[in-house]
Amino acid sequence: VIVFYHHPSAQGIPVMWPGNKIPAPWANTTEPNKLIQFLETTLKERNKQGSFHVTQAILTPTVNTVAKGLVWGLRDYLVERNLPVIMSWVQTQRPGKDGVNIITSDFVELTDFANIVIKLNNVLLSESECKPR
């Protein structure tokens, strides 16, 4: 268990990491192409920082989107039609130090999200088994 705490009272407590060591940039968009562009950009920034990084593969509804979602269902209107694009991007990622290390997404039960992430973890295991010790 790793504990990140976003409050000054945690400073100096050796069992807690400061919140700035786990950035979780938020795309704040309803468009999957803008989301993916944002994720690509923030992953490159993460590589320079060398820290934990939460890749939020999540679309954010606007007031207009929520209103339309009341009529058509927010899950159907925003998520279901865009989730395949987002999950395709997740599948192509490289895990580890130079790639993704924590991924979050909404409505993961609609996709094979858990298995996709497990496959990414297996890439790391395969690589570590191939390296000489």
Side-chain angles (χ1 to χ4, degrees):
V1 174
I2 300 172
V3 178
F4 293 91
Y5 201 71
H6 293 269
H7 192 271
S9 64
Q11 290 178 350
I13 299 175
V15 296
M16 292 189 189
W17 288 44
N20 66 351
K21 295 293 183 184
I22 188 165
W26 169 43
N28 194 20
T29 184
T30 59
E31 297 178 38
N33 292 333
K34 285 185 179 179
L35 172 65
I36 289 169
Q37 182 180 10
F38 177 84
L39 296 176
E40 294 283 346
T41 301
T42 57
L43 274 176
K44 288 175 188 166
E45 292 169 2
R46 179 236 170 188
N47 291 343
K48 295 174 191 170
Q49 297 170 357
S51 63
F52 285 95
H53 179 86
V54 179
T55 300
Q56 293 193 59
I58 299 170
L59 295 172
T60 306
T62 61
V63 173
N64 191 29
T65 310
V66 171
K68 289 177 182 176
L70 291 174
V71 176
W72 294 305
L74 189 57
R75 182 173 125 169
D76 294 338
Y77 179 72
L78 181 63
V79 178
E80 284 188 16
R81 68 182 183 157
N82 295 310
L83 208 49
V85 173
I86 296 167
M87 288 299 108
S88 292
W89 180 85
V90 171
Q91 285 178 308
T92 65
Q93 294 313 294
R94 172 140 175 71
K97 181 181 144 197
D98 296 323
V100 295
N101 63 8
I102 301 169
I103 304 173
T104 61
S105 186
D106 286 334
F107 300 102
V108 296
E109 72 279 4
L110 299 176
T111 67
D112 202 19
F113 182 79
N115 284 324
I116 291 169
V117 173
I118 290 168
K119 284 179 185 176
L120 290 175
N121 287 329
N122 287 337
V123 168
L124 290 175
L125 289 173
S126 298
E127 288 176 357
S128 69
E129 290 171 359
C130 292
K131 289 181 182 176
R133 293 177 189 225

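In this text, all values refer to a predicted model and were calculated from it rather than measured experimentally.
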Taking all heavy atoms of Phe4 and all of Pro18, pick out the closest pair and write down the distance.
-> CD2-O, 3.7 Å
Inter-residue atom distance Arg94.CZ - Asn101.CG, 0.5 Å rounding = 12.5 Å
Hits for ring pair (Phe, Tyr, Trp, His ring centres under 6.0 Å) against Trp26, two or more places apart or cross-chain, chain-then-number order -> none
List the atom pairs, donor and acceptor, that lie under 3.5 Å between side-chain atoms in residues 7-16 and the rest of the protein, sequence neighbours left out.
from	atom 1	to	atom 2	distance (Å)
His7	ND1	Ser9	N	3.0
His7	ND1	Ser9	OG	2.9

Acceptor/donor pairs from residues 113-123 side chains to any protein atom, 3.5 angstrom cut, sequence neighbours excluded:
from	atom 1	to	atom 2	distance (Å)
Asn115	ND2	Asp112	OD1	2.8

Value for CD (Glu31) from OG1 (Thr60), rounded to nearest 0.5 Å, stands at 12.0 Å
Residues in side-chain contact (heavy atoms from CB on, under 4.5 Å) with Thr104, at least two apart?
-> Val54, Gln56, Ile58
Closest approach of Ser105 to Val108 (non-hydrogen atoms, all atoms of both residues) = O-CG1, 3.5 Å
Can you name the residues that form a side-chain contact (heavy atoms from CB on, under 4.5 Å) with Leu35, not counting sequence neighbours?
-> Ala27, Thr29, Leu39, Leu59, Ile86
Residues that Tyr5 engages under ring pair (Phe, Tyr, Trp, His ring centres under 6.0 Å), provided they are two or more places apart = none
Gap separating the CG atom of Asp106 from the CG atom of Asn82, nearest 0.5 angstrom = 12.0 Å
Side chain to side chain contact (heavy atoms under 4.5 Å, CB included) partner of Thr55, the single match among Val100, Thr42, Val90 = Val100
Using a cut-off of 6.0 Å, state whether more than 12 heavy atoms not belonging to Gln37 lie near its atom CD.
-> no
If we only count heavy atoms from C-beta on, is the Glu45 to Thr41 side-chain gap below 4.5 Å?
-> yes
Nearest heavy-atom neighbours spanning Leu124 and Gly96 = CD2-CA, 4.0 Å
Side chain proximity check, Leu43 to Gln93, heavy atoms < 4.5 angstrom | yes
